[in-house]
Amino acid sequence: MSPHVLILGGTAEARELAAALAARPGLRVTTSLAGRVTRPGALAGDVRVGGFGGAEGLADWLREQGVDALVDATHPFAEEITANAAHAAGATGVRAVVLRRPGWRPGPEDRWHTVASLGEAADLLPGFGPRVFLTTGRMGLARFAHLADRHFVVRSVDPPEPPMPPHTEVLLARGPFTVTDELTLLREYLIDVLVTKDSGGQATAAKLTAARRLRLPVVMVARPPLPEGVSVATDVAQVLEWLRLDAP
């Protein structure tokens with residue numbers, strides 16, 4: 001039977017890894033998507049959409065489908081999925097690795113205010129100007145819904161769901177974005193402060209460069225910690241090496 005690799009996807013790295021694995025003969029690759037994005041990018045190999053039913057459901061699926069290796073390539077803030085993956089791998093003895101792109105780091109000219117949660121980010125906002133560019137995804141707007149004296153410009157791939165702040169403009173867009181685009185947006189909407197998560201990567205990093213050039217403060221939500229004892233790779237090449245597939 002062909003070796004079976006399960007990728008928990010949703011990131012550009014997951015798509016890159018699926019393409020690299022699907023191109024190798026004698027290897028079965030399945031990418032699982034949570035289904036929160038309505039227009040996911042094309043994926044090589046098999047694709048499943050929807051949850052597993054928690055850690056125990058994922059463990060059952062690993063056993064039933066004969067999975068030999070599990071790669072958690074979900075978003076750095078998909079804390080619950082990552083915890084479930086670590087638990088399921090431990091329960092079944094399936095080899096597992098977390099694929100996480102490196103986080104962003106502030107430079108000497110950046111005006112970052114790092115916080116541990118969306119709630120802490122909301123608490124800081126009254127200390128800045130009233131116009132907020134919010135790029136933390138569509139799922140967490142409820143944490144800002146009480147800030148009636150702020151004007152939010154929210155960018156997300158899919159339309160956000162209420163509750164959300166009463167004064168909100170929604171921009172539907174998918175990266176990558178250029179520095180020129182981000183400078184234009186920040187100026188056009190008269191933004192006073194940028195709120196974002198430490199997603200890392202280049203696709204959405206241009207907003208940080210634009211904020212630096214305009215001397216705008218950035219409220220940066222730090223990543224949640226990974227479960228203890230998990231193996232971590234920072235790029236697809238490291239995953240292929242971990243899988244012992246680094247050579248064609």
Side-chain angles (χ1 to χ4, degrees), residues 1-103 157-158 174-176 199-204 223-248:
M1 184 177 294
S2 299
H4 187 188
V5 178
L6 173 64
I7 303 170
L8 302 181
T11 60
E13 290 81 8
R15 290 194 298 275
E16 181 184 349
L17 178 62
L21 295 179
R24 295 173 182 263
L27 187 67
R28 178 186 173 195
V29 55
T30 302
T31 300
S32 176
L33 301 175
R36 292 178 177 173
V37 176
T38 58
R39 295 175 290 112
L43 284 161
D46 297 331
V47 179
R48 71 174 299 280
V49 178
F52 291 95
E56 298 304 325
L58 175 55
D60 290 342
W61 199 92
L62 296 177
R63 296 186 188 100
E64 293 166 1
Q65 298 297 319
V67 172
D68 299 286
L70 168 62
V71 182
D72 174 6
T74 56
H75 192 276
F77 285 81
E79 188 173 9
E80 182 177 356
I81 298 174
T82 293
N84 287 344
H87 180 87
T92 59
V94 171
R95 296 175 64 219
V97 66
V98 177
L99 172 55
R100 284 289 184 276
R101 68 182 82 119
V157 175
D158 292 315
R174 185 195 297 269
S199 300
Q202 294 302 311
T204 59
R223 295 178 176 186
L226 289 169
E228 283 191 31
V230 300
S231 299
V232 181
T234 59
D235 58 27
V236 169
Q238 287 187 12
V239 174
L240 296 178
E241 183 178 359
W242 176 84
L243 288 167
R244 302 184 182 91
L245 296 173
D246 48 315

Residue pair [X] / [Y]: nearest heavy atoms and the distance that separates them:
| X | Y | value |
| --- | --- | --- |
| Gly9 | Ala14 | CA-CB, 3.6 Å |
| Leu58 | Phe52 | N-CB, 3.6 Å |
| Ala59 | Ala88 | N-CB, 3.7 Å |
| Gly26 | Ser2 | O-CB, 3.5 Å |
| Val29 | Ala18 | CG1-O, 4.2 Å |

Applying side chain to side chain donor-acceptor pair (under 3.5 Å), can you list everything that pairs with [X], at least two apart in sequence or on another chain?
| X | result |
| --- | --- |
| Ser32 | Arg48 |
| Ser231 | none |
| Gln202 | none |
| Asp46 | none |

Worksheet item: Of the options Leu70, Val239, Thr31, Val71, which is the one that meets Val5 in a side-chain contact (heavy atoms from CB on, under 4.5 Å)?
Response: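 Among Leu70, Val239, Thr31, Val71, the one that satisfies the side-chain contact (heavy atoms from CB on, under 4.5 Å) with Val5 is Val71.
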Item to complete: Could I get the full list of side-chain contact (heavy atoms from CB on, under 4.5 Å) partners for Ala83, not counting sequence neighbours?
Response: none
Item to complete: Could I get the full list of side-chain contact (heavy atoms from CB on, under 4.5 Å) partners for Ala12, not counting sequence neighbours?
Response: Arg15
Fill in: Distance, nearest 0.5 Å, that separates CD of Gln65 from NE2 of His4
6.5 Å
Response to the item:
So OG1 of Thr30 and CH2 of Trp61: to nearest 0.5 Å the spacing works out to 4.5 Å
Practice prompt. Applying salt bridge (Lys or Arg N to Asp or Glu O under 4.0 Å), name anything that partners Asp235, two or more places apart in sequence or on another chain.
Written response: none
Worksheet item: Going through the distances and angles, do Val98 and Thr74 end up as a side-chain contact (heavy atoms from CB on, under 4.5 Å)?
Response: CA-CA 8 Å; Val98 177; Thr74 56; over 6 Å; no
Tell me, do [X] and [Y] make a side-chain contact under 4.5 Å, heavy atoms counted?
| X | Y | result |
| --- | --- | --- |
| Glu79 | Arg223 | no |
| Leu21 | Leu243 | yes |
| Asp60 | Thr92 | no |
| Leu43 | Ile7 | no |

Worksheet item: Does any pair with a residue in residues 62-85 pass ring pair (Phe, Tyr, Trp, His ring centres under 6.0 Å), and if so which ones, sequence neighbours excluded?
Response: His75-Phe77
Worksheet entry | Pair listing, salt bridge (charged side-chain N to carboxylate O under 4.0 Å, His left out) test, anchored in residues 88-98, at least two apart |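 As it turns out, there is no salt bridge (charged side-chain N to carboxylate O under 4.0 Å, His left out) pair with a partner in residues 88-98 once direct neighbours are skipped.
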Worksheet item: Which residue pairs pass the salt bridge (charged side-chain N to carboxylate O under 4.0 Å, His left out) test with at least one member in residues 66-78, sequence neighbours excluded?
Response: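 Salt bridge (charged side-chain N to carboxylate O under 4.0 Å, His left out) check on residues 66-78 returns Asp72-Arg100.
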Discussion item. Quick one, Leu99 with Glu16, criterion side-chain contact (heavy atoms from CB on, under 4.5 Å). Give me CA distance, side-chain angles, the key distance, then yes/no.
Written reply: CA-CA 11 Å; Leu99 172 55; Glu16 181 184 349; over 6 Å; no
Discussion item. Tell me whether Thr11 contacts the main-chain N or O of Ala73 through its side chain, where contact means a donor paired with an acceptor under 3.5 Å.
Written reply: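 Judged by distance alone, yes, a pair lies under 3.5 Å.
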Discussion item. For a side-chain contact (heavy atoms from CB on, under 4.5 Å) check, start with the C-alpha distance between Val230 and Thr82, then their side-chain angles and the critical distance, and finish with the verdict.
Written reply: CA-CA 10 Å; Val230 300; Thr82 293; 5.9 Å; no
